[in-house]
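Let me begin by presenting the structure, written as structure tokens, before commenting on it.
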Amino acid sequence: MELGAFELGFYYYVAARARQWQVLFCGGQRKIMLDEEEHFKELLFERLRYYGERSKEQDFWLVIEPKFLDKFPNITKRLRRPAVALVSTNGPWITFMKLRLDRVLSESYEAVSLEEALASNPTDIEFEKPENWVAPYPKYEFGWWEPFLPPGSVKPKV
Amino acid sequence: MMAAEMALVKPISKFSTSTPNPRAPYSKVFRISMSATSQPSTGKRPSKKAAKTAIKETLLTPRFYTTDFDEMETLFNTEINKNLNQTEFEALLQEFKTDYNQTHFVRNKEFKEAADKIQGPLRQIFVEFLERSCTAEFSGFLLYKELGRRLKIYMDMTNWESDLMGISIDTAENQSSVAEIFSLMSRDEARHAGFLNKGLSDFNLALDLGFLTKARKHLKENPEYQLYPIFKYFENWCQDENRHGDFFSALMKAQPQFLNDWKAKLWARFFCLSVYVTMYLNDCQRTDFYEGIGLNTKEFDMHVIIETNRTTARIFPAVLDVENPEFKRKLDRMVEINQQLIAVGESDDIPVVKNLKKIPLIAGLASEILAAYLMPPVESGSVDFAEFEPQLVY
């Protein structure tokens, strides 16, 4: 069953040996995170600016089509693919993001390394152009999310 | 500046200074009302370069918000309300404490230079826009500050009266989080209002930013319409307001009895409609301002309404079908009728004739509003409450 016009997400928890990782997943062509929700993009850039001003090390990333998702058959059958994940070591912030996005699922996962927590499968991204764009400004540019991809990750093609 | 602020403070007669009653009976209704007595005080003020005229009060202009503080105090008692999500409130508290915009609202010489360039009719239009918004921001500051203070008093009482009153320590912690969040939101609103009020030196007046939600992106794309540097601060301002919205979402989720029945759906639709109609009619009376910054008033308003509706759909159990073209047609008909009402009011007819002419127009406006309200709604709400959630495909 689908929930009308709403694109839904998937909330995730990852625990590593030294750190706890928390992840927000979004399915259905990742619209809720990458395409439709302007405030999500603005919120991430605001946080990045804040970290820069205080010389804090970045602790949140966007992972497109994460590898460890397949370990959860009960979740994947309810999640349209490909998916995108918002990954962070800051648990309360992910709880806040879950409140903000609302339409998300939660699950837990253990990862033994940063690489495993941020691992992804290469995939192409496609977004349909809206038929009737009523805003007095253009949509955010495709690829705005690249500053938030994990270090060394391959940039997805249009 | 203080005189202007005190003029704003004076009308808030509903902010009682009496000691809160922690034993107030639990009420199922949570009300926020707006005071209609927000004229500035008429007392003498220190002279400035230019005298500040009183804010004109009409049916649609911003007024000061207030609420039932005793009811608010009982809403955050975990003995009564078992649904308070401590984790969510703690996460929100951390987000507010982060204070992303602590160093953001800093003025520079651009402000005065830009203000001096705004002349003619547009200057007055712009000043009225700023004035309205400062009223709204300052009002929010007062409301949140008082809520934070009252909830803090109640929380302190629970610490030493917990045994006597049978209130658990969890209650105190929860109220502490909620009280602190209200205080931090008042910090944001004070920062916004103060930032606007510093424009007094530019315009010899006080300021407002109520419509800020979507215009900032348009202005970034079209810098020729950046009349005054304040627009450059809109995006960060919006994030502050978004976080305030997140907090109220958490508050409503903590009161599911207000969200899960047929009455809640009717109230949600009524609330949305009243906000959208008020905004649309107001803004269509101020098209000069929007055109002055390069916006098509109706297109811009519809975009704001659609985006707002999508956000409210995450918590309200039903929302209006604002993307149905018929909804906009109804709004446009309301604008036409409202313009006719204004024309009748400004005519030279005697009061009796004016009132007779207004009757069919008011009836027409009411019927359009009712028709918009009765349009088939869109079922919505948080998936946390959805009975069909296990079957959802995400």
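Per chain, numbering begins at 1; letters A, B, ... match sequence-line order.
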Taken to the nearest 0.5 Å, the spacing of Thr95(A) OG1 from Gln94(B) CD works out to 10.5 Å

Closest heavy-atom pair, Asp99(B) versus Tyr50(A), reported as atoms and distance to 0.1 Å, is O-CE1, 4.2 Å

Applying a strict 4.5 Å limit to non-hydrogen atoms, the region of Glu95(B) in contact with chain A is side chain

Might you confirm whether atom OH of Tyr51(A) has over 12 heavy atoms from other residues, nucleotides or ligands at distances under 6.0 Å? yes

dist Asn242(B):CG -> Glu42(A):CD (nearest 0.5 Å) comes out at 8.0 Å

Nearest heavy-atom approach of Leu99(A) to Asp246(B) is CD2-O, 3.5 Å

Under 4.5 Å to a heavy atom of chain A? For Thr311(B) that would be neither

Tightest non-hydrogen contact, residues Gly381(B) and Asp102(A), listed as O-OD2, 4.1 Å

Honestly, the part of Arg54(A) sitting under 4.5 Å from a heavy atom of chain B is side chain

For Pro92(A) and Ala91(B) the tightest heavy-atom approach is O-CB, 3.2 Å

If the threshold is 4.0 Å, N to carboxylate O, is there a salt bridge linking Glu46(A) and Arg243(B)? yes

